[in-house]
Asker: 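Before we start, here is the structure in question, set down as structure tokens.
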Amino acid sequence: MPFLPMLAGQLPEQPTSLEPPIAEGLLEEIDSPAVNHRLNQLEVSQKAIGAYVQSLGERVDLFMGDNQVPLKQKGSRLDVLVPSTFYDDGKIQSTVRLRAIWDLPRTNQRWQVLLSSYEETLYEDSTSTNSVSGVSGNTSKPSLQNPSTVYDPNNTENTNSIAGRYLLNLGRNDFSYLDLGLNFTGLIDPNPYVRFKTRYKTPLSAQVLSRTTQNLFWERKYGVAWEAQQVFDYQYQATDLLRSQTTGTWWHDASEYRLNQRAVWFKTINPHRVHSYYVDGNWTFTAQSAALTTTSIGVNWRERLYKDWLFSEVEPKVSWSEDTQFNTPVLSLLLMLEMRFYDVAK
């Protein structure tokens with residue numbers, strides 16, 4: 001899966017000193033009338049679609065909530081991802097993925113509606129620094145370190161989902177919410193699911209931050225699962241952050257336990273560019289065996305191209321798997337364009 005200093009549009013997690021000052025994106029620095037004209041045309045579309053997304057969210061909010069409750073904040077947003085992955089055997093995997101989030105502040109800042117065409121992964125909200133998926137707080141204008149992407153290029157299953165998210169608790173260093181939704185692997189045969197998620201953040205020192213996440217999940221297709229994740233961040237200077245991320249997932253029906261260990265070095269190059277370097281390993285444990293299944297190393301280059309709604313990513317990666325006894329490396333290159341549509345007036 002690509003490493004993205006990932007935002008998924010979600011939580012305040014990274015130390016704020018890693019946040020770069022607002023500056024022009026890469027394309028804004030190009031002094032070309034033709035390029036500027038195209039960008040201006042694209043921005044008109046961004047504003048129009050963003051305003052429509054916001055308007056749709058407000059109409060749903062009026063229908064679901066109390067119209068006497070004063071509006072506090074809106075953070076509705078549509079993210080469009082266009083990833084293409086190139087493999088050394090000539091295979092190319094390309095697709096378009098969508099994820100929409102509508103806040104419903106009239107429901108006492110408790111409810112949110114989510115619509116997505118890709119699955120959330122184990123790494124959802126692992127580095128975000130804004131709010132609980134927009135339940136409380138404005139996620140419309142995320143930063144460079146906080147991409148909305150939780151797209152996994154290795155997952156080829158076409159999964160569309162719709163869900164309601166209810167905020168149970170939101171504190172200074174913790175949150176919890178409940179998701180009720182349907183996954184659709186095709187046009188028919190909906191797969192209902194329920195997800196309870198909670199997270200605790202603990203500053204261990206001025207430079208070390210701990211985050212503990214518990215995720216209890218049930219769906220008709222795969223049954224019950226429990227995921228636990230522990231993240232330690234060490235920011236040893238303003239532009240560099242080291243991360244250890246351990247994620248364990250237990251699937252009840254399959255009697256299987258999966259463990260992922262990831263080590264990442266984030267490097268802020270300038271106000272519109274962040275590099276990350278990672279090593280990743282996956283283990284599978286059953287009653288009969290315990291084995292390392294995959295391992296990989298990679299580099300991610302994330303660039304803010306234009307203002308705060310157009311991003312790109314380039315990620316070369318080398319992977320080894322149990323299927324080839326770890327003797328045959330698989331080379332891949334991920335290229336991704338990410339666009340965010342929100343109401344700029346908000």
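Every heavy atom of this structure was used, including side-chain atoms; hydrogens, water molecules and symmetry mates were not. None of the values given here were measured: they were computed from a predicted structure.
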Asker: Does Thr246 form a side chain to side chain donor-acceptor pair (under 3.5 Å) with Gln261? I'd like the steps, not just the answer.
Answerer: CA-CA 5 Å; Thr246 306; Gln261 179 62 51; 2.5 Å; yes
Asker: Taking the six-membered ring of Phe311 as reference, does the cationic atom of Arg340 (NZ for Lys, CZ for Arg) lie under 6.0 Å from its centre and within 45° of its axis?
Answerer: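 Judged by the rule, Arg340 and Phe311 form a cation-pi pair.
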Asker: Hydrophobic side-chain clustering at under 4.5 Å (ILVMFWY, transitive links): who's grouped with Tyr193? Put none if nobody.
Answerer: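 Result for Tyr193 is Phe217.
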Asker: Check side-chain hydrogen bond (donor to acceptor under 3.5 Å, both in side chains) between Thr295 and all other residues, then give those that pass, not counting sequence neighbours.
Answerer: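 If we apply the side-chain hydrogen bond (donor to acceptor under 3.5 Å, both in side chains) test to Thr295, skipping adjacent residues, there are no hits.
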Asker: Ion pair present between Arg211 and Asp233, side-chain N to carboxylate O less than 4.0 angstrom?
Answerer: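 Looking at Asp233 together with Arg211, the answer is yes, because their closest N to O distance falls below 4.0 Å.
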Asker: For Asn173, give me all partners under side-chain contact (heavy atoms from CB on, under 4.5 Å), at least two apart in sequence or on another chain.
Answerer: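 side-chain contact (heavy atoms from CB on, under 4.5 Å) check on Asn173 returns Lys201.
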Asker: Are a donor atom and an acceptor atom from the side chains of Tyr222 and Asn183 found within less than 3.5 Å of each other?
Answerer: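 Their side chains do not contain a donor-acceptor pair, so the 3.5 Å distance test is not met.
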Asker: Hydrophobic cluster membership, with links at side-chain heavy-atom distances under 4.5 Å among I/L/V/M/F/W/Y: are Leu115 and Tyr166 in one?
Answerer: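 Yes; tracing contacts between hydrophobic side chains, which count when under 4.5 Å, links both residues.
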Asker: For the residue pair Tyr257 and Trp250, is the inter-centroid distance of their aromatic rings smaller than 6.0 Å?
Answerer: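 For Tyr257 and Trp250, the ring centres are not under 6.0 Å apart.
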Asker: For residues Glu227 and Thr247, report the shortest heavy-atom separation together with the two atoms involved.
Answerer: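 Here Glu227 and Thr247 meet closest at CG-CG2, 3.8 Å.
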Asker: Applying side-chain hydrogen bond (donor to acceptor under 3.5 Å, both in side chains), name anything that partners Thr212, two or more places apart in sequence or on another chain.
Answerer: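 For Thr212, the residues satisfying side-chain hydrogen bond (donor to acceptor under 3.5 Å, both in side chains) (neighbours in sequence not counted) are Gln230.
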Asker: Does the side-chain contact (heavy atoms from CB on, under 4.5 Å) test come out yes or no for Thr213 and Lys197, once each step is laid out?
Answerer: CA-CA 7 Å; Thr213 304; Lys197 190 167 188 175; 3.6 Å; yes
Asker: With side chain to side chain donor-acceptor pair (under 3.5 Å) as the rule and sequence neighbours excluded, what pairs involving residues 321-332 come up?
Answerer: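 Found none.
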Asker: In the structure I gave you, are the side-chain heavy atoms of Val314 and Leu333 within less than 4.5 Å of one another anywhere?
Answerer: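 In contact.
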Asker: Between Gln229 and Asn215, does any side-chain donor sit less than 3.5 Å from a side-chain acceptor?
Answerer: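 Side chains of Gln229 and Asn215: no pair found under 3.5 Å.
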Asker: My understanding is that only residues two or more places apart in sequence, or in another chain, count here; which of them pass side-chain contact (heavy atoms from CB on, under 4.5 Å) with Tyr200?
Answerer: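 Checked Tyr200 against side-chain contact (heavy atoms from CB on, under 4.5 Å); matches are Asp174, Thr198.
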Asker: Which distance, rounded to the nearest 0.5 Å, do you find between the CG of Leu335 and the CD1 of Ile92?
Answerer: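 Between Leu335 CG and Ile92 CD1, I get 10.0 Å after rounding to 0.5 Å.
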Asker: Nearest 0.5 Å, what's the OH-CG distance between Tyr306 and Asp308?
Answerer: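 Result: 10.5 Å between the selected atoms.
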Asker: If you group Ile, Leu, Val, Met, Phe, Trp and Tyr by side-chain heavy-atom gaps below 4.5 Å, do Leu259 and Trp320 land in one group?
Answerer: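 Hydrophobic grouping puts Leu259 with Trp320.
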Asker: If only atom types and distance count, is the side chain of Asn191 paired as donor or acceptor with the main-chain N or O of Lys221 below 3.5 Å?
Answerer: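 Indeed, once roles are kept as given, a pair shorter than 3.5 Å links the two residues.
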Asker: Decide whether a cation-pi geometry holds between Arg199 and Phe175; the criteria are a distance under 6.0 Å from NZ or CZ to the six-membered ring centre and an angle within 45° of the ring axis.
Answerer: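 No, Arg199 does not sit over the ring of Phe175.
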Asker: Is Leu204 reachable from Tyr236 through a run of I, L, V, M, F, W or Y residues, each pair having side-chain heavy atoms under 4.5 Å apart?
Answerer: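 Yes, it is one cluster - the side chains of Tyr236 and Leu204 are joined through contacts under 4.5 Å.
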Asker: Are Arg262 and Asp280 within salt-bridge range, i.e. N to O under 4.0 Å?
Answerer: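 Yes, Arg262 and Asp280 are salt-bridged.
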Asker: Decide, yes or no, whether a salt bridge links Glu338 with Arg302 under the criterion of side-chain N to carboxylate O below 4.0 Å.
Answerer: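 So Glu338 pairs with Arg302 through a salt bridge.
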Asker: Identify, with sequence neighbours excluded, every residue that meets ring-ring contact (aromatic ring centres under 6.0 Å, His included) alongside Trp226.
Answerer: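 Per chain and number, Trp226 pairs via ring-ring contact (aromatic ring centres under 6.0 Å, His included) with no residue.
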Asker: Where is the tightest heavy-atom contact between Asp240 and Lys267, given as atom of each residue plus distance?
Answerer: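 For Asp240 versus Lys267, the nearest heavy atoms are OD2-CD, 2.9 Å.
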Asker: Not counting sequence neighbours, which residues clear side-chain hydrogen bond (donor to acceptor under 3.5 Å, both in side chains) with Ser255? List them please.
Answerer: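 Partners of Ser255 under the side-chain hydrogen bond (donor to acceptor under 3.5 Å, both in side chains) test: none.
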Asker: Answer yes if Leu337 and Val80 sit in the same cluster of Ile, Leu, Val, Met, Phe, Trp and Tyr residues linked by side chain heavy atoms under 4.5 Å apart, and no otherwise.
Answerer: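 Yes, one cluster joins them.
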Asker: Using side-chain contact (heavy atoms from CB on, under 4.5 Å) as the criterion, point out the one residue from Trp102, Phe341, Tyr342 that pairs with Ser76.
Answerer: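 For Ser76, the side-chain contact (heavy atoms from CB on, under 4.5 Å) test succeeds with only one of Trp102, Phe341, Tyr342, which is Trp102.
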Asker: Establish, yes or no, whether a centroid distance under 6.0 Å links the rings of Tyr234 and Phe232.
Answerer: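 No; Phe232 has its ring centre 6.0 Å or more from that of Tyr234.
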Asker: Not counting sequence neighbours, which residues clear ring-ring contact (aromatic ring centres under 6.0 Å, His included) with Trp218? List them please.
Answerer: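 Here no residue qualifies.
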Asker: What verdict does the side-chain contact (heavy atoms from CB on, under 4.5 Å) test give for Ile162 and Phe184, after you've listed the backbone C-alpha separation in whole Å, the side-chain angles of each residue and the deciding distance to 0.1 Å?
Answerer: CA-CA 9 Å; Ile162 184 170; Phe184 298 89; 4.1 Å; yes
Asker: Residues in side-chain hydrogen bond (donor to acceptor under 3.5 Å, both in side chains) with Ser205, at least two apart?
Answerer: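 side-chain hydrogen bond (donor to acceptor under 3.5 Å, both in side chains) check on Ser205 returns nothing, list empty.
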Asker: Are Val208 and Trp265 in one and the same hydrophobic cluster, where Ile, Leu, Val, Met, Phe, Trp and Tyr link if side-chain heavy atoms are under 4.5 Å apart?
Answerer: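 Same hydrophobic cluster.
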Asker: Please enumerate all residues that pass side-chain contact (heavy atoms from CB on, under 4.5 Å) together with Leu292, with sequence neighbours excluded.
Answerer: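 Scan of Leu292 (side-chain contact (heavy atoms from CB on, under 4.5 Å), adjacent residues dropped) gives Trp283, Phe326.
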Asker: Take Val231 and Arg243, measure what side-chain contact (heavy atoms from CB on, under 4.5 Å) needs, and give me the verdict at the end.
Answerer: CA-CA 7 Å; Val231 176; Arg243 167 165 298 159; 3.6 Å; yes
Asker: side-chain contact (heavy atoms from CB on, under 4.5 Å) between Tyr278 and Lys317: does it pass, once the steps are laid out?
Answerer: CA-CA 9 Å; Tyr278 65 89; Lys317 182 172 71 172; 3.0 Å; yes
Asker: Partners of Leu178 by side-chain contact (heavy atoms from CB on, under 4.5 Å), sequence neighbours excluded?
Answerer: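 For Leu178, the residues satisfying side-chain contact (heavy atoms from CB on, under 4.5 Å) (neighbours in sequence not counted) are Leu168, Leu180, Val194, Phe196.
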Asker: Taking the side chain as every heavy atom from C-beta outward, state whether Val264 and Gln245 have any pair of such atoms under 4.5 Å apart.
Answerer: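 SC-SC contact between Val264 and Gln245 ruled out.
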